[in-house]
**Student:** 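So that we are looking at the same thing, I have put the structure below in structure tokens.
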Amino acid sequence: MNGGYTVWRGSPAPLGATWDGSGVNFALYSEHAERVALCLFDPKGRREVERIEVPYRTDFVWHCYLPEARPGQLYGYRVHGPYDPERGHRFNACKLLLDPYARLIEGPLKWSDAQFGYRVGGRREDLQMDTRDNASGALKARVVDPAFTWGDDRPPRNSWKDTVIYEAHVKGLTQLHPDVPPQLRGTYEGLASAPMLDHFRRLGVTAVQLLPVHTAVDEKHLVERGLRNYWGYNTIGFFAPDPRYSASGELREFKTMVKRLHEAGLEVLLDVVYNHTAEGNHLGPTLSFRGIDNTVYYRLEDNPRYYRDYTGCGNSLSTLHPIALRLVFDSLRYWVSEMHVDGFRFDLAVTLAREQHAFDPHGAFLDIARQDPVLSQVKLIAEPWDVGEGGYQVGGFPPGWSDWNGRYRDDLRSYWKGDDEVVDELASRLSGSSDIFAPGGRGPTASINFVTAHDGFTLRDLVSYNEKHNEANGAGNRDGESHNRSWNCGAEGPTDDPSIRALRRRQMRNFLATLFFSQGVPMLLHGDEIGRTQGGNNNAYCQDNEVAWVNWTLDDEAKSILAFTRRVIALRNRHPLFRRLTFFRGRAVHEEGDKDIVWLHPAGREMSDEEWGADFARCLGAHLSGRGLSERDEHGVPVEDDDLLMLLNAGSEEASFQLPNGGGRPWHVRIDTDSEDGLPRQPVFAAGAAYPLKGRSLVLLCRPRI
């Protein structure tokens, strides 16, 4: 079918479809293919109008140049080779395959048995090849013109110590927002609309971290139940923004979103899923990588019919193979260089950092990321675990990386729940988790601190439910984490009891204040600032509906939580003591002998080793010296701050806390979570006075320097 198009040799680089202003170069890597056909489709993708046998191959890259091709052209590949799963090969030219380097993807995928490379339901399972053509329902790549007027767009380059991350879902954040124009709700353009930019600015966050926006696939079993993969952790296109979030269907919309967020001083971080693909295990569909060259892109077991699964999703991308590794880094550089994003959070990053089997902090993936001239300049965040052996690696990543600190989440939840013998762990988390990160040569900003995230309870649900309630997911409430360290404050779910409701609001304020007054980089889950609920669902990955969307109809309670969140973020941003680059040493910092941090007993004295495990240890004070920063500003002047005192009481009874004297200067109360608005009832206390620290509350006091 090469009749209608002129075919030139073209180039093996770059991979993908590249418009140069005159024509399009197509290049696809397949090491074991015998033949490759480029298939061109009509503008709606319904009919294959041309099939071109790619005649040129250079170093396993199949390539050609079509001088008549233009942006907007839909295409896919058919790759010929052996169908021999027992040797790891799953070529099937009956299946139209998506270009791994596709910049824009036309969908959605239309599920049918034809999307599988084997005969579904057959006696030999995946060993019998299926010969049906899947093209009518397959995903197709679209050639793009990357031209965009960036103007003077520049990355904000917010320092790690000043970063406040806001984790958000593109659709869920804006779908119900009354001030976002209806046609823009749930889209990239809606996320960067004026109402959202105003919200981010007033909230005080510095970076928006988006749940996956790489094009993803809704699993067949979800579609059959009327559900979707709402979170998007089922990637099939590592270069293409997911079209489900596009109001225009154009590539420029994503770029416009980034540009507007940058203009507001906000960085854009992407949650990326390179650890696995949407093709699943050996019984999964053949959509792209599997049919292009299965042994190149996936880690296979000793019996290569099966996939090595460190992810719990059926397969693991093989960063052992240089071409799969190149795919990952080509994708990352593309998003930085072409799309102007400012960093990445790597889902199940341990899988990427495994060599033959074990996690290796000096392996190829981490070494390349550290020295890459583009990626070493952006923010790199690891979700430092996977489901394989030795998969929990918090603190194990090298310098240049920050880790989601799961121990921070767990220890804070345990403390405010009122568990015994956790106050020493609390102190470590408040002070930046030096026990975790200092041995690897990293500082406090290596710790991404969070109490809640997309995966798990929202903040309101954390204080409203003892058990998960995931029945709507259709898995018999068996999915999702069962050990949440949550506490419902006396009733499961919604209640009219005013005392329980008041306690829940206070607990939310406790968590928020602790998060933003801790050393490290805080991350706030979208909607927690207004007390969003998911009705106890702690695994809302498939709930593309009101369960997971943020409800922006604010009652007085939501407005109060929002005002409190803004206040504690503003305090963090105002005080450099909360944003240290180095760990506390617990030593004298100047001639007066003050230590940079002192952990206080309620009697006002420094905690002894024996007292850390005592019953009263649910109550703790942290005195931070404003002269203990050991930092200088851009002019070389030592940075100083006011002295700060944080008092925490996770017990149910009031504690009388003796305030430090410190030369007789009074203490000014900035936050008291016992009050509904967080403002103190008595704003000033004399040095050495007793502070009535209510049960289950946190207080921040400040002593301004003269």
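Throughout, residue positions are numbered sequentially from 1 according to the sequence presented.
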**Student:** Are R407 and D435 within salt-bridge range, i.e. N to O under 4.0 Å?
**Tutor:** yes
**Student:** Where is the tightest heavy-atom contact between R532 and H526, given as atom of each residue plus distance?
**Tutor:** NE-O, 3.3 Å
**Student:** With under 30° as parallel and over 60° as perpendicular, where do the rings of F578 and H575 fit, or are they tilted in between?
**Tutor:** perpendicular
**Student:** Is a side-chain donor-acceptor pair under 3.5 Å present for N539 with D479?
**Tutor:** yes
**Student:** Using a strict cut-off of less than 4.0 Å between a Lys/Arg side-chain nitrogen and an Asp/Glu carboxylate oxygen, indicate whether D544 and K171 qualify as a salt bridge.
**Tutor:** yes
**Student:** Check for a donor-acceptor pair, side chain of D594 on one end and backbone N or O of S625 on the other, with a separation under 3.5 Å.
**Tutor:** no
**Student:** Answer with yes or no whether the side chains of N449 and S518 bring together a donor and an acceptor at under 3.5 Å.
**Tutor:** no
**Student:** I would like to know whether H668 and V684 meet side-chain contact (heavy atoms from CB on, under 4.5 Å); could you show each step before the answer?
**Tutor:** CA-CA 5 Å; H668 298 259; V684 181; 3.6 Å; yes
**Student:** Answer yes or no: are there more than 12 heavy-atom neighbours, outside R566 itself, under 6.0 Å from its atom CZ?
**Tutor:** yes
**Student:** Are there more than 12 heavy atoms of other residues, nucleotides or ligands under 6.0 Å from atom CG of D555?
**Tutor:** yes
**Student:** Can you classify the ring geometry of H199 versus Y166 as parallel (below 30°), tilted (30 to 60°) or perpendicular (above 60°)?
**Tutor:** perpendicular
**Student:** Strictly below 4.0 Å, N to O, side chains only: are R504 and E557 in salt-bridge contact?
**Tutor:** no
**Student:** Using atom types as modelled and distance alone, determine if a side-chain donor or acceptor of Q543 lies under 3.5 Å from a backbone N or O of A472.
**Tutor:** yes
**Student:** Above 12 or not: heavy atoms from other molecules or residues under 6.0 Å from CD of E606?
**Tutor:** yes
**Student:** Heavy atoms, side chains only, cut-off 4.5 Å: are Y415 and E425 in contact?
**Tutor:** no
**Student:** How far apart are the closest heavy atoms of L698 and N510, and which atoms are they?
**Tutor:** N-OD1, 3.4 Å
**Student:** Is the shortest heavy-atom distance from the side chain of C702 to the side chain of L644 under 4.5 Å?
**Tutor:** yes
**Student:** Would N405 and S433 count as a side-chain hydrogen bond (donor to acceptor under 3.5 Å, both in side chains) if you check the C-alpha gap in whole Å, the side-chain angles of each, and the deciding distance to 0.1 Å?
**Tutor:** CA-CA 9 Å; N405 191 346; S433 297; 3.0 Å; yes
**Student:** For the ring pair (Phe, Tyr, Trp, His ring centres under 6.0 Å) test, which of Y408, F516, W404 pairs with F450?
**Tutor:** W404
**Student:** Side chains of Y691 and D672: is there a donor and an acceptor less than 3.5 Å apart?
**Tutor:** yes
**Student:** For N545 and Y230, run side-chain contact (heavy atoms from CB on, under 4.5 Å): C-alpha distance rounded to whole Å, both residues' side-chain angles, the deciding distance at 0.1 Å, then the answer.
**Tutor:** CA-CA 9 Å; N545 50 49; Y230 167 69; over 6 Å; no
**Student:** Check the angle between the aromatic planes of W231 and Y233 and answer parallel, tilted or perpendicular using the 30° and 60° thresholds.
**Tutor:** perpendicular
**Student:** Apply the test side-chain contact (heavy atoms from CB on, under 4.5 Å) to residues I561 and F564: give CA-CA distance (whole Å), side-chain angles for both, the deciding distance (0.1 Å), then the verdict.
**Tutor:** CA-CA 5 Å; I561 297 170; F564 181 83; 5.6 Å; no
**Student:** Counting only N and O atoms by type, is there a donor-acceptor contact under 3.5 Å from the side chain of S675 to the main-chain atoms of L679?
**Tutor:** yes
**Student:** Angle class for the F346/W401 ring planes (parallel below 30°, perpendicular above 60°, tilted otherwise)?
**Tutor:** tilted
**Student:** Between R579 and D162, is there a salt bridge with N-O shorter than 4.0 Å?
**Tutor:** yes
**Student:** Test E167 against R345 for salt bridge (Lys or Arg N to Asp or Glu O under 4.0 Å), laying out the working first.
**Tutor:** CA-CA 10 Å; E167 189 192 33; R345 179 264 189 189; 5.6 Å; no
**Student:** Check whether more than 12 heavy atoms from other residues, nucleotides or ligands sit under 6.0 Å from atom CD of E421, and answer yes or no.
**Tutor:** no
**Student:** For Q534, is there any backbone N or O sitting under 3.5 Å from a side-chain donor or acceptor partner on D461?
**Tutor:** yes
**Student:** Between P384 and V394, which heavy-atom pair has the shortest distance, and what is it?
**Tutor:** CG-CG2, 3.5 Å
**Student:** Search all heavy atoms of A655 against all heavy atoms of C619 and return the closest pair with its distance.
**Tutor:** CB-SG, 3.9 Å
**Student:** Look at the aromatic rings of W416 and F511 and report parallel, tilted or perpendicular, splitting at 30° and 60°.
**Tutor:** perpendicular
**Student:** Going by side-chain contact (heavy atoms from CB on, under 4.5 Å), M196 matches just one of L261, D179, L173, V208. Which one?
**Tutor:** L173
**Student:** Minimum heavy-atom separation for N538 and E481, please, with both atom names.
**Tutor:** ND2-O, 2.7 Å
**Student:** With side-chain contact (heavy atoms from CB on, under 4.5 Å) as the criterion, how do D419 and R485 come out once you've worked through the C-alpha distance, each side chain's angles and the decisive distance to 0.1 Å?
**Tutor:** CA-CA 9 Å; D419 290 348; R485 306 188 190 212; 5.6 Å; no
**Student:** With heavy-atom distances below 4.5 Å as the criterion, would you say the side chains of V568 and I671 are in contact?
**Tutor:** yes
**Student:** Can you list the steps and then say if Y392 with F359 is a ring pair (Phe, Tyr, Trp, His ring centres under 6.0 Å)?
**Tutor:** CA-CA 10 Å; Y392 194 77; F359 170 80; over 10 Å; no
**Student:** Any chance the side chains of E546 and N551 put a donor and an acceptor closer than 3.5 Å?
**Tutor:** no
**Student:** Evaluate salt bridge (Lys or Arg N to Asp or Glu O under 4.0 Å) for R201 paired with D198, printing each intermediate quantity in order.
**Tutor:** CA-CA 5 Å; R201 178 185 59 80; D198 181 65; 2.6 Å; yes
